[in-house]
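A short worksheet on the structure shown next.
Small disclaimer: the values here were computed from a predicted structure and weren't measured. All values below were derived from every heavy atom in this structure, side-chain atoms included, with hydrogens, water molecules and symmetry-related copies excluded.
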Amino acid sequence: MGVLPTAEALQKAEEAGLDLVEMAGNVDPPVCKILDYGKLKFVDQKRKAEARKKQKTIEIKEIKMRPGIDQHDYEVKMRAMRRFFDEGDKVKVTLRFRGREFAHQDLGMKVLYRVKDDLEEEAKVESMPRMEGRQMVMLMSPK
């Protein structure tokens with residue numbers, strides 16, 4: 001309709017039985033539309049709900065191991081980690097030291113580097129192995 005005075009635009013909206021809605025108020029002159037405001041709010045709410053439904057929340061899954069983990073146990077943990085990466089989740093690999101194992105942190109480091117090497121294609125290391133109290137932690141995320 002072009003540039004109109006506010007009073008005239010309001011009158012035209014009222015004649016049509018609709019509302020005068022400001023679309024962009026920070027420009028000169030402000031941009032307004034004549035439409036049903038209730039319907040606009042409803043459509044906007046539906047669009048936001050649809051976007052929320054489609055978004056994936058990334059969870060951090062935790063896999064706990066020990067420095068002297070057996071081969072079969074290691075393979076089971078690796079299968080679980082691959083499944084987590086396929087679902088798009090991050091994985092926190094925790095290696096817990098107990099008793100005298102604490103003196104052999106190099107064994108724990110070897111286990112975590114083995115995990116890193118085995119999952120090279122599926123995941124990347126977000127934080128390298130580090131000590132947090134009596135456990136060594138490494139964070140991985142899917143590629």
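- With a 4.5 Å cut-off on side-chain heavy atoms, Met23 and Val21 count as touching.
- For the pair Asp89 (side chain) and Ile60 (backbone), a donor-acceptor distance under 3.5 Å is absent.
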| query | So Asp118 and Met78, side chain to side chain contact (heavy atoms under 4.5 Å, CB included) or not? Walk me through it. | reply | CA-CA 8 Å; Asp118 290 349; Met78 295 304 286; 3.5 Å; yes
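- Shortest non-hydrogen contact noted between Phe84 and Val91 is CB-CG2, 3.7 Å.
- Residues Ile63 and Ala80 approach most closely at CD1-CB, 4.1 Å, considering heavy atoms.
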| query | Does the side chain to side chain contact (heavy atoms under 4.5 Å, CB included) test come out yes or no for Val93 and Leu139, once each step is laid out? | reply | CA-CA 6 Å; Val93 185; Leu139 188 67; over 6 Å; no
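- Hydrophobic clustering, with ILVMFWY side chains joined whenever heavy atoms are under 4.5 angstrom apart, keeps Leu107 apart from Tyr74.
- Considering CG of Asp19 and CG of Asp36, their distance stands at 6.0 Å, rounded to 0.5 Å.
- At a threshold of 4.5 Å between side-chain heavy atoms, the hydrophobic network of Ile, Leu, Val, Met, Phe, Trp and Tyr places Leu20 and Leu4 in one connected group.
- Under the 4.0 Å criterion applied to side-chain N and carboxylate O atoms, Glu59 and Lys61 are assigned as salt-bridge partners.
- Contact between His104 and Arg100 at its shortest, heavy atoms only, is CD2-O, 3.6 Å.
- When hydrophobic clusters are built by joining Ile, Leu, Val, Met, Phe, Trp and Tyr residues whose side-chain heavy atoms come closer than 4.5 Å, directly or via intermediates, Val76 is not grouped with Leu95.
- Using a 4.0 Å cut-off between a side-chain N of Lys or Arg and a carboxylate O of Asp or Glu, Lys12 and Glu14 do not qualify as a salt bridge.
- For Arg134, the side chain to side chain contact (heavy atoms under 4.5 Å, CB included) partners at least two apart in sequence or on another chain are Phe102.
- Pairing each heavy atom of Pro29 with each of Val3, the nearest pair is CG-CG2, 4.2 Å.
- Interatomic distance, Leu40 CG to Leu18 CG, rounded to the nearest 0.5 Å: 11.5 Å.
- In the hydrophobic clustering of this structure, Phe42 does not group with Tyr37; members are Ile, Leu, Val, Met, Phe, Trp, Tyr whose side-chain heavy atoms approach within less than 4.5 Å, directly or through other members.
- Taken to the nearest 0.5 Å, the CZ atom of Arg96 stands 11.0 Å off from the CD atom of Glu101.
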| request: Go through Glu132 and Arg130 one step at a time and tell me if the salt bridge (charged side-chain N to carboxylate O under 4.0 Å, His left out) criterion holds. | output: CA-CA 7 Å; Glu132 287 182 1; Arg130 67 184 186 283; 2.8 Å; yes
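- In this structure, OG on Ser141 lies 4.0 Å from NZ on Lys124, to the nearest 0.5 angstrom.
- Residue Val115 comes nearest to Met138 through the heavy atom pair CG1-CE, 4.2 Å, listed as atom of the first residue, atom of the second, then distance.
- Scored by the side chain to side chain contact (heavy atoms under 4.5 Å, CB included) test, Ile58 finds Lys90 as partners (sequence neighbours excluded).
- Between Val43 and the options Arg47, Lys41, Gln45, a side-chain contact (heavy atoms from CB on, under 4.5 Å) holds for only Arg47.
- Annotation for Lys143: atom NZ counts as buried by contact number, over 12 foreign heavy atoms lying within 6.0 Å.
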| said: Under the criterion side chain to side chain contact (heavy atoms under 4.5 Å, CB included), I'd like the reasoning laid out for Leu35 against Lys39: C-alpha separation, chi angles, the key distance, then a yes or no. | reply: CA-CA 8 Å; Leu35 46 83; Lys39 185 177 179 183; over 6 Å; no
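- Distance check, rounded to the nearest 0.5 Å: CD1 of Ile69 to NE2 of His72 gives 11.0 Å.
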| said: For Arg98 and Arg66: C-alpha separation, side-chain torsions, deciding distance, then whether side chain to side chain contact (heavy atoms under 4.5 Å, CB included) applies. | reply: CA-CA 9 Å; Arg98 287 169 51 188; Arg66 298 281 307 280; 3.4 Å; yes
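- Not a single donor-acceptor pair under 3.5 Å links the side chain of Lys116 to the backbone N or O of Pro129.
- With rounding to the nearest 0.5 angstrom, the CG atom of Leu112 is 9.5 Å from the CE atom of Met140.
- For the residue pair Pro30 and Gly25, the shortest heavy atom distance occurs at CB-CA, 4.2 Å.
- A salt bridge links Lys48 to Asp44: at least one charged side-chain nitrogen sits closer than 4.0 Å to a carboxylate oxygen.
- For Gln135 and Thr94, the side-chain atoms include no donor-acceptor pair closer than 3.5 Å.
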